[in-house]
> 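Take this structure, written in structure tokens, and hold onto it; I'll ask about it next.
Chain identifiers are assigned alphabetically (A, B, ...) following the order of the sequence lines, protein sequences preceding nucleic acid strands; residue numbering begins at 1 within each chain. Side chains are part of it too, since the values below use all heavy atoms of this structure and drop only hydrogens, waters and symmetry mates.
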Number of protein chains: 2
Amino acid sequence: MTSAGNGASPTIYDVAQAAGVAPSTVSRTFSRPGRVNAQTAERIRQVAAELGYRTNPLARGLPTGRTSLLAIVVADVTNPFFFEIIRGAEKTARDAGYTLLMVDAHESDEAERRALDRTLPLVEGLILATSRLSDSSIRVAAKQRPTVVMNRHMTDVPSVLTDNAQGMRSAVEHLAGLGHTSLAYVAGPEASWADGMRWRAFREATRETDVQARRIGPFAPTLAGGLSAAKSLVKHPATAAVAYNDLIAIGAMRGLRRLGVEVPRDLSIVGFDNIFGSDFCTPPLTTVAAPLRHFGSFAVQRLLAQLRPSPAPAAGPTLLPAKLVERGSTARPA
Amino acid sequence: MTSAGNGASPTIYDVAQAAGVAPSTVSRTFSRPGRVNAQTAERIRQVAAELGYRTNPLARGLPTGRTSLLAIVVADVTNPFFFEIIRGAEKTARDAGYTLLMVDAHESDEAERRALDRTLPLVEGLILATSRLSDSSIRVAAKQRPTVVMNRHMTDVPSVLTDNAQGMRSAVEHLAGLGHTSLAYVAGPEASWADGMRWRAFREATRETDVQARRIGPFAPTLAGGLSAAKSLVKHPATAAVAYNDLIAIGAMRGLRRLGVEVPRDLSIVGFDNIFGSDFCTPPLTTVAAPLRHFGSFAVQRLLAQLRPSPAPAAGPTLLPAKLVERGSTARPA
DNA sequence: GTGAAAGCGCTAACAC
DNA sequence: GTGTTAGCGCTTTCAC
């Protein structure tokens, strides 16, 4: 029973009837213009507009799988780390005719999995930005939809990542160059692949540079996490610290100030990511900057490459450079 | 043709066949447990798990309209203003069994409309956070799905807003109390409903308080916008300014410093929203704080109220209080 | 170029 | 409790 003028939204059947054509012709008019006589199409469009017809993506997606939707799942939208990433991803997606849906996983694999169950079937492709999921869970998702992971290396899933090792090395060398001989790494969440990489790179870089290294944490990758990190930091003999990310670094600086420790006079701090706010906090944060916007854009590009009918290119990781931005939170040891 | 073991994802038909039951029984097992014999259900679940079956929300949503999805469209995700809002909204949605999809409209009504066309049919309800759409466009959307608007008053669509007038009044009184007699309002985007309200409230408050008022702008509600605002600011005789939002305020403070104007010594600045970063910028920003997290939560609650089978309650706006947070960016005039 | 008809995967009466 | 049977709104062969 096709609704005529009642509450429900009009369908192609309503439009077809009003325009005196078959439903399939209406469908073609919108899904593949050109296959329809120009005048007929014109008339149909007009009737459709009058009726307020809108194609229903749900119904369209069922038979075809084409929804023009992409999803990016982030561990925590409120983490400014994602700002530029989302920006870049959104723009690239939009330019290609896709709409990017964002889903917040709340730093929880449980929530992430549930969100995935609900959204995966709706979208044509998926970006997992700093996922907290296990490799095998990611593989399951990647089996269902083209997937790109960020900040995480997987052999069988295309990935985009920043050169953590290089970034960490430049941070450690910077600190060592200033004369620091005992460094601390303020760790982020344990489930984070990036944290593992950074800690490893830290160890290596400190060994090469011949300075002492220790690790404190893990801490939540938030301002609050940094606040608690400050307490551990004052107990340790290090004169400089590299934090898992800027949020922790900024939080730590605030916490240290409250504890009477002045940055960078008493302790130097280096962050990671160069997020919104890292340039206007006090002191401005020295940090390892990733090309965040390109990051998002690249991820979408790799996704689109998989979406194209032609055989998808190989799955090697895309490595983006990271470079140290020297600001006010680092100085020579007292 | 029901796929057996080929590439496509398994359907209820595959599960039904494997479990030796009817497809409808499989459907019931997942859509309304309890209506199925416990043992049968158990067996079905097991078979489903083995086959890797996942219910397809697209297919489920077509006949029912139930997708367990809600959408929040924001003008710009990278605006920290939305942080806590999204947080609150997401949590409330999740607790109610919904997944919240976020869509970035890029401060563009065009993009917002297109995103809406694509997502509206997928979701059960919609939150428009600081929409750049016209009232009539919003009404069109609201006709299709239960909708709540934030930061904007509409008689026929439920809304959640902060008490801009009260917040502005406290800002102006604070400044007047410090001895300022000439204030500037640094305007945000013209399409912003909140900007209109704040400017109006500013005029009224300054009139009541008997101080001079002027308006400069409009500026983009971003750090960059604030940077340009700084240039206009130095040309004007005001000794204090209230900015449309914190982003502009923070950007302006940075711009002013470059121009040799010291805040708050030479110029006092008050922001709006109390966003992430406003407490750790230099100087810490005095700002009108809205209960952001509650804001998002309330919006979802109102949405859920409309979703419930029982007749939706009336559409009056929910007004949330705003209060001034005094920090370091305001002082007595020189 | 256009129409008829068969699904896409699921839910929802309606029987049994 | 469970099976049967229509659809949900759209796309897509296949005829004409």
> Using five base pairs at each end to define the local axes, how bent is the helix from C/dG1-D/dC16 to C/dC16-D/dG1, to the nearest 10°?
30°
> Counting heavy atoms from C-beta on, name the nucleotide in C/dG9, C/dT2, D/dT2 closest to the side chain of B/Asn37.
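Looking only at side-chain atoms, B/Asn37 lies closest to D/dT2.
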> In whole angstrom, give the distance that lies between atom CZ of A/Arg66 and atom C1' of D/dT11.
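For the pair A/Arg66 CZ and D/dT11 C1', the rounded distance is 13 Å.
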> Quick check on A/His106: does its NE2 atom have over 12 non-hydrogen neighbours (other residues, nucleotides or ligands) under 6.0 Å away?
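Yes - once you tally the heavy atoms of other residues, nucleotides and ligands closer than 6.0 Å, there are more than 12.
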> Parallel, tilted or perpendicular: which fits the ring planes of B/Tyr53 and B/Phe30, with parallel below 30° and perpendicular above 60°?
tilted
> Restricting to non-hydrogen atoms, name the atom on A/Pro63 and the atom on A/Ala59 that form the minimum distance, rounded to 0.1 Å.
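Of all heavy-atom pairs spanning A/Pro63 and A/Ala59, the closest is CD-O, 2.9 Å.
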> Checking B/Phe298 now: which residues fulfil ring pair (Phe, Tyr, Trp, His ring centres under 6.0 Å) with it, not counting sequence neighbours?
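For B/Phe298 there are no ring pair (Phe, Tyr, Trp, His ring centres under 6.0 Å) partners, ignoring immediate neighbours.
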> How many Å lie between CG on B/Leu62 and P on C/dG7, as a whole number?
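Answer to the nearest Å: 17 Å.
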> In whole Å, what is the span from the CZ atom of B/Arg118 to the C1' atom of D/dG9?
18 Å
> For B/Glu50, is the CD atom crowded, meaning more than 12 foreign heavy atoms sit under 6.0 Å from it?
yes
> Under 3.5 Å, is there a donor-acceptor pair between the side chain of B/Thr92 and the main chain of B/Gly88?
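Pair found, side chain donor or acceptor close to backbone of B/Gly88.
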> If you check the B/Thr11 side chain, which of C/dT2, D/dG1, C/dG9 turns out closest?
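From the listed options, C/dG9 comes nearest.
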> Can you tell me whether the side chain of A/Tyr13 and the base of D/dC8 have a donor-acceptor pair closer than 3.5 Å?
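In this structure, the two groups form no donor-acceptor pair.
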> Rounded to the nearest Å, what distance is computed from the CG atom of residue A/Asp14 to the P atom of nucleotide D/dC8?
11 Å
> Can you tell me the distance, in whole Å, between the CZ atom of B/Arg60 and the P atom of C/dC8?
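The answer, rounded to whole Å, is 19 Å.
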> Within this structure, what is the CZ-OG distance for the pair A/Arg113 and A/Ser137, rounded to the nearest 0.5 Å?
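A/Arg113 atom CZ to A/Ser137 atom OG measures 4.0 Å (nearest 0.5 Å).
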> How are the rings of A/Phe295 and A/Phe81 set relative to one another: parallel (under 30°), tilted (30 to 60°) or perpendicular (over 60°)?
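Geometry flag for A/Phe81 against A/Phe295: perpendicular rings.
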> Is there a donor-acceptor pair under 3.5 Å between the side chain of B/Arg145 and the backbone N or O of B/Leu120?
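Checking the backbone N and O of B/Leu120 against the side chain of B/Arg145, a donor-acceptor pair under 3.5 Å is found.
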> To the nearest angstrom, how far is A/Glu42 atom CD from C/dT2 atom C1'?
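For the pair A/Glu42 CD and C/dT2 C1', the rounded distance is 18 Å.
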> Quick test: give all pairs of protein nitrogen or oxygen and nucleotides 12-15 of chain C nitrogen or oxygen below 3.5 Å, distance rounded to 0.1 Å.
| from | atom 1 | to | atom 2 | distance (Å) |
| --- | --- | --- | --- | --- |
| C/dA12 | OP2 | B/Arg32 | NH2 | 3.4 |
| C/dA13 | N6 | B/Arg28 | NH2 | 3.2 |

> When we call it a touch if two heavy atoms are under 4.0 Å apart, what does B/Tyr53 touch: a base, just sugar-phosphate, or nothing?
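Counting heavy atoms under 4.0 Å across all strands, the contact made by B/Tyr53 is with sugar-phosphate only.
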> Mind calculating the distance between CG (B/Leu58) and C1' (D/dC10) to the nearest angstrom?
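Taking atom C1' of D/dC10 as the reference, CG of B/Leu58 is at 11 Å.
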> Assuming nearest nucleotide by heavy-atom distance, tell me which of A/Thr55 and B/Thr25 is located more 5' along DNA chain D.
B/Thr25
> Nearest whole angstrom, please: distance from the C1' of C/dC8 to the CG of A/Asn56.
13 Å
